[in-house]
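Accompanying notes for the structure given below.
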Amino acid sequence: MTENQTPKIAVITGPTATGKTALGVLLAKELNGEVVSADSMQLYRRMNIGTAKPTLAEMQGVPHHMLDVAEPNCPYSVARYVSEADACVQSVLARGHLPIIVGGTGLYIDSLVAGRDFAGEATDEKLRLELSEKYDTLGGEAMRDELFKLDPERAAKLHPSDKKRILRALEVFISTGKTITEHDAETQKKPPRYDAAVIALSFAERNDLYDRIDRRVDLMLQAGLFDEVRELLNSGVPENSTAMQAIGYKEAALALCGEITQEEAAERIKRESRRYAKRQLTWLRRKSEIAWILWNKTPDFDFARRYSTNFFSSLGVI
RNA sequence: GGAGGAGUUCCCGAGUGGCCAAAGGGGGCAGACUGUAAAUCUGUUAUCAGUGAUUUCGGUGGUUCGAAUCCACCCUCCUCCA
């Protein structure tokens with residue numbers, strides 16, 4: 001009786017280092033699922049240690065999608081993620097399996113679930129560069145004023161320093177003739193692509209999360225993060241590529257070229273990871289429909305498995 | 001033992017009589033977020049109270065209408081001479 005309903009899928013998210021990968025595999029095994037990763041950095045090939053990408057052993061035979069789908073020297077985007085990940089989800093559904101979205105990139109998950117459209121076809125690098133130079137010479141106020149004439153609604157929401165968003169809003173208008181506000185309104189009108197049951201993992205105490213992050217960074221360092229980054233750099237991945245903006249990678253790159261010590265790099269990686277986790281929490285906290293599992297000191301996967309299963313079945317996902 | 005120098009709010013660090021709860025940076029906390037999102041941007045950061053009050057600038061006294069800023073003594077640290 002539910003043939004034409006919005007497909008139901010499961011989502012496991014949460015800040016970094018909370019056990020999403022492990023829980024995803026556990027649930028996939030139990031619920032006949034396949035994992036679709038929602039991680040903006042794990043999708044790059046040859047970036048394994050620093051992204052905490054699941055190893056073959058950790059995957060335990062569970063199919064994982066959206067891992068290793070791009071070269072580190074090519075830019076990726078939400079738009080591309082949505083179309084590729086959506087194809088994966090569809091194929092999982094076609095196989096009669098449960099798609100389990102696992103990852104911490106909030107924007108990717110939201111966009112995939114909503115089936116969001118993005119304005120414009122491909123990015124026009126030349127236009128982007130032009131706008132960027134204009135911004136740098138004229139300043140944020142002037143550029144925001146310019147946007148105000150085209151799209152006052154969006155301009156009012158943006159801070160003059162918010163270069164990326166001001167430029168994107170301008171870029172959308174120039175390349176499509178429509179304001180980004182109009183685009184947003186249109187895509188918001190569409191019904192969600194999927195009916196997602198979202199579980200978020202975190203720790204009851206912020207300090208426990210932070211301790212875990214620190215410990216994991218130490219493990220990454222021991223596992224050879226610096227070597228991994230050196231290889232990427234040697235293979236010609238530019239330092240300003242999107243992939244190299246990943247936490248752990250940019251700091252390691254600085255240490256490798258001697259700008260900072262390895263100790264300093266290690267500290268920065270920890271600090272940036274903690275901050276990242278905080279931003280992830282900010283993103284997730286405003287979503288009311290999320291079911292949170294808050295670890296007490298250390299993950300309890302047996303509890304999480306039962307809790308998640310109950311939650312999914314109560315929502316008719318399984 | 002002698003001669004200099006320094007101790008500032010979570011940290012670094014400016015501040016030499018009122019405009020100082022104290023620049024700036026870091027860190028923390030909070031927020032935003034629709035084609036770079038592990039990115040980017042913003043706000044806030046002594047305490048209590050709704051424009052006010054209270055406690056801060058190593059310690060204790062003092063000068064002054066008024067001190068982080070001046071004086072005395074004390075404590076701690078650094079450099080140099082012995």
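Below, chain A is the first sequence line, B the second, and so on; all start at residue 1.
Using Watson-Crick or G-U wobble geometry with both donor-acceptor distances under 3.5 Å, B/A14 finds no partner in any strand shown. Pair check for B/G52 finds B/C48; Watson-Crick or G-U wobble, both atom distances under 3.5 Å. Across every strand in view, B/U64 sits unpaired, with no contact that passes the Watson-Crick or G-U test at under 3.5 angstrom. Under the Watson-Crick or G-U wobble criterion, with both distances below 3.5 Å, B/U36 has no partner in any strand shown. Base pairing annotation: B/G31 forms a Watson-Crick or G-U wobble pair with B/C41, both donor-acceptor distances under 3.5 Å. Pairing for B/A3 goes to B/U79, judged as Watson-Crick or G-U wobble with the two contacts each under 3.5 Å.
When each of A/Arg193, A/Arg116, A/Lys287 is paired with A/Asp110, the salt bridge (charged side-chain N to carboxylate O under 4.0 Å, His left out) condition holds for A/Lys287 and for no other.
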Solution key, residues 217-230 of chain A side-chain donor-acceptor pairs under 3.5 Å, sequence neighbours excluded:
residue	atom	partner	partner atom	Å
A/Asp218	OD1	A/Lys270	NZ	2.9
A/Asp218	OD2	A/Lys270	NZ	3.4
A/Asp227	OD1	A/Arg230	NH1	2.8
A/Glu228	OE1	A/Asn48	N	3.2
A/Glu228	OE1	A/Ile49	N	2.9
A/Glu228	OE2	A/Asn48	N	3.1
A/Glu228	OE2	A/Ile49	N	3.1
A/Glu228	OE2	A/Gly50	N	3.4
A/Glu228	OE2	A/Tyr249	OH	2.5

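Nucleotides of RNA chain B nearest to A/Leu158 and A/Ala246 differ in position, and the one nearer the 5' end is that of A/Leu158.
In this structure, A/Arg206 and A/Leu281 have side chains that are in contact, with non-hydrogen atoms separated by less than 4.5 Å.
Distance, A/Met244 CE to B/A37 P: 15 Å, rounded to whole Å. A/Glu267 places its CD atom 17 Å from the P atom of B/C11, with the value rounded to the nearest Å.
Judged by the 6.0 Å distance and 45° axis criteria, A/Arg285 is not positioned over the aromatic ring of A/Trp283.
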Can you check nucleotides 42-45 of chain B for protein contacts, nitrogen or oxygen pairs under 3.5 Å, and list what you find?
residue	atom	partner	partner atom	Å
B/U42	OP1	A/Ser161	OG	3.0

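Among the protein residues, A/Arg271 comes within range of the sugar-phosphate backbone only, with heavy atoms under 4.0 Å from sugar or phosphate atoms but none that close to a base.
Defined by atom type and a distance below 3.5 Å, a donor-acceptor pair is missing between the side-chain atoms of A/Ser273 and A/Arg216.
The pair A/Lys8-A/Asp195 meets the salt-bridge criterion, since a charged nitrogen lies less than 4.0 angstrom from a carboxylate oxygen.
Scanning atom types as modelled, no donor and acceptor separated by under 3.5 angstrom connect the side chain of A/Arg279 and the base of B/A32.
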